[in-house]
Amino acid sequence: MISAAAAREIVMAHVPVLPASPVPLLDALGLILTEDVVSGLAFPTCDSSAMDGFAVRVPDVAAATDAAPVSLTIAFTVAAGDTADRILPKGVTCRIMTGARIPSGADAVIMLEDVTEASGRITVREAIPAGEFIRPCGEDLLAGATILQRGTRLTPPRLALLAAIGRTEVMVHRRPQVAILSTGDEVIEPGQPLQPGQIYNSNAYAMAAWIQEAGAVPVRMPIVPDSLDATRRLLRKALTYDAVVTSGGVSMGEFDFIGKALASMGTVHFTRVAQQPGKPFTFATVGRKPIFGLPGNPSATMVGLELYVRPALRGMMGHPNRYRPMVLARLDEALTLKSDRMQFLRARVDHQPGGYTARLTGPQGSGLITAMAWANALLVIPTGTGRLLAGTGVTAMILEPELLLEGGLGGDLLTWG
Ligand code: AMP
Ligand code: MG
């Protein structure tokens with residue numbers, strides 16, 4: 001049986017990075033640029049006013065003082081959005097709005113608050129330097145400048161920058177569409193009455209949510225009945241998408257058909273991994289498309305989504321960071337473990353004055369779901385670990401990294417306001 005680390009290496013070696021595609025700006029949030037973006041225009045596009053006020057020629061007000069103020073006639077008004085190239089004659093001023101184009105000849109703007117205005121004239125009591133309250137053409141960026149480099153992740157301000165230069169689409173590694181298949185005659189959809197021996201399809205929600213959180217697009221397909229024919233037929237349909245994730249049907253049971261179906265359709269790379277939970281896990285490729293045959297037990301499904309599916313999907317989207325942050329946490333409690341496999345324990349990590357602490361969130365059986373739901377971390381426990389005393393340092397994979405940043409896990413972060 002291969003180790004979890006080896007399994008992840010095989011998975012990552014077999015997932016293709018999706019080719020560059022044009023994507024509308026807002027659909028590209030969080031995706032990775034595949035082009036160097038060069039601005040076709042300067043920003044601002046022309047000299048423009050930084051204030052509501054009056055544009056002047058600096059020499060006209062050079063002599064203005066409190067004792068000897070200068071009075072100028074307001075010759076015209078330039079509003080934001082006026083595109084005409086106006087000329088400010090000598091000896092007069094014009095009213096101008098924030099963002100409006102500076103007329104030729106004017107070389108400074110006086111703030112509204114700094115003049116008195118009466119009967120179509122303003123009174124200026126102070127000289128001002130050339131360039132005051134003017135945003136020069138190209139101050140922010142010059143035409144021909146590279147504003148974003150390939151490999152950059154698209155955040156909200158970077159999308160705003162692309163819009164500022166007039167782009168509507170951008171070249172990125174697009175989001176993979178991932179087909180989701182739940183197998184099992186006992187599985188029914190939430191919302192229907194549950195008979196003894198049946199189970200709600202929670203795995204489909206886990207799979208869809210994990211895929212969505214990774215930035216990919218989940219595509220739900222019908223529940224696969226326990227028959228080889230139906231399994232083959234639905235897998236074939238699922239393979240029209242970029243990747244496939246299935247739950248259940250990968251153990252040794254008489255009605256476990258995922259492995260058998262995949263063996264006849266493509267290459268099965270492994271079927272078992274030395275980990276707990278999640279030992280039965282079939283990873284296959286059909287052509288270049290990866291298929292993740294996760295086990296049916298809910299915690300095993302979710303640990304598989306976390307350890308393999310999430311990094312693989314991020315890899316397909318060209319993300320430089322595929323893996324979760326890991327921290328050292330001290331056990332709050334003693335643990336007695338017995339396993340010949342690497343364990344991924346569902347736990348809650350908190351920040352205390354001395355560092356991070358960890359405590360299990362409940363019984364760890366792979367068929368249980370609550371401990372995983374209450375966890376914010378997986379403790380990575382090497383094969384062969386026996387008894388761990390309280391206070392022992394363990395590796396914790398943080399599942400809610402925003403908690404680290406927002407202070408929930410980092411009690412010594414600063415606040416403002
Ligand atoms: P299997 O790997 O197909 O033998 O499934 C193992 C166990 O996982 C089943 O007995 C169910 O209790 C559970 N299970 C399978 N599929 C699902 C599902 N879609 N949602 C929730 N639990 C499931
Ligand atoms: Mg089954």
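Note that the numbering runs from 1 along the sequence shown for the chain. In this text the structure is predicted, and so the values were computed from the model without any measurement. Counting starts at 1 for both ligands and their atoms, in listed order.
- Residue S202 approaches ligand 1 through these ligand atoms, each under 4.0 Å from one of its heavy atoms: 20 (N), 21 (C).
- Within the 4.0 Å heavy-atom cutoff, G367 does not count among the residues contacting ligand 1.
- Residue T383 holds its OG1 atom at 8.5 Å from CD of Q343, rounded to the nearest 0.5 Å.
- Residue N203 holds the heavy atom nearest to atom 20 (N) of ligand 1 of all those in T183, L294, N203, I188.
- Of the protein's non-hydrogen atoms, the one nearest atom 7 (C) of ligand 1 is N297 OD1, 3.5 Å.
- With sequence neighbours excluded, the residues that form a salt bridge (charged side-chain N to carboxylate O under 4.0 Å, His left out) with E306 are R324.
- With Y205 as the aromatic partner, R220 meets the cation-pi criteria of under 6.0 angstrom to the ring centre and within 45 degrees of the ring axis.
- Within the model, atoms CG of L239 and CD1 of I291 stand 4.5 Å from one another, a figure rounded to the nearest 0.5 Å.
- In this structure, of G293, G296, G249, the residue bringing a heavy atom nearest to atom 3 (O) of ligand 1 is G249.
- T34 and H173 share no side-chain donor-acceptor pair at under 3.5 Å.
- Ligand-side atoms of ligand 1 in range of S182: 19 (N), range being under 4.0 angstrom from any heavy atom.
- Of all atoms in ligand 1, listed by their number and element, those nearer than 4.0 Å to a heavy atom of Y200 are 20 (N), 21 (C).
- Taking all heavy atoms of L181, V187, I199 into account, the minimum distance to atom 22 (N) of ligand 1 is reached by I199.
- Judged purely by distance below 3.5 Å, without hydrogens or angles, the side chains of R330 and T357 never pair a donor atom with an acceptor atom.
- Contacts between S251 and ligand 1 below 4.0 angstrom, taking non-hydrogen atoms only, involve the side chain exclusively.
- Using 4.0 Å as the threshold, A204 has no heavy atom nearer than that to any atom of ligand 1.
- Using a 4.0 Å cutoff on heavy atoms, F255 does not count as a contact of ligand 1.
- Proximity of G253 to ligand 1 is not established, as no heavy-atom distance is less than 4.0 Å.
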For residues 307-318, run the donor-acceptor check on the side chains, cut-off 3.5 Å, and write out each pair with its distance to 0.1 Å, sequence neighbours left out.
residue	atom	partner	partner atom	Å
Y308	OH	Q275	OE1	2.5
R314	NE	N321	O	2.9
R314	NH2	N321	O	2.9

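- In this structure, the protein non-hydrogen atom closest to atom 9 (C) of ligand 1 is E186 OE2, 3.3 Å.
- Using modelled atom types, no side-chain atom of S366 and backbone atom of S299 make a donor-acceptor pair closer than 3.5 Å.
- Proximity annotation for atom 19 (N) of ligand 1: of N201, I223, T246, D256, N201 comes nearest, heavy atoms only.
- Side chain to side chain, R232 and S264 meet the donor-acceptor criterion of an N or O pair below 3.5 Å.
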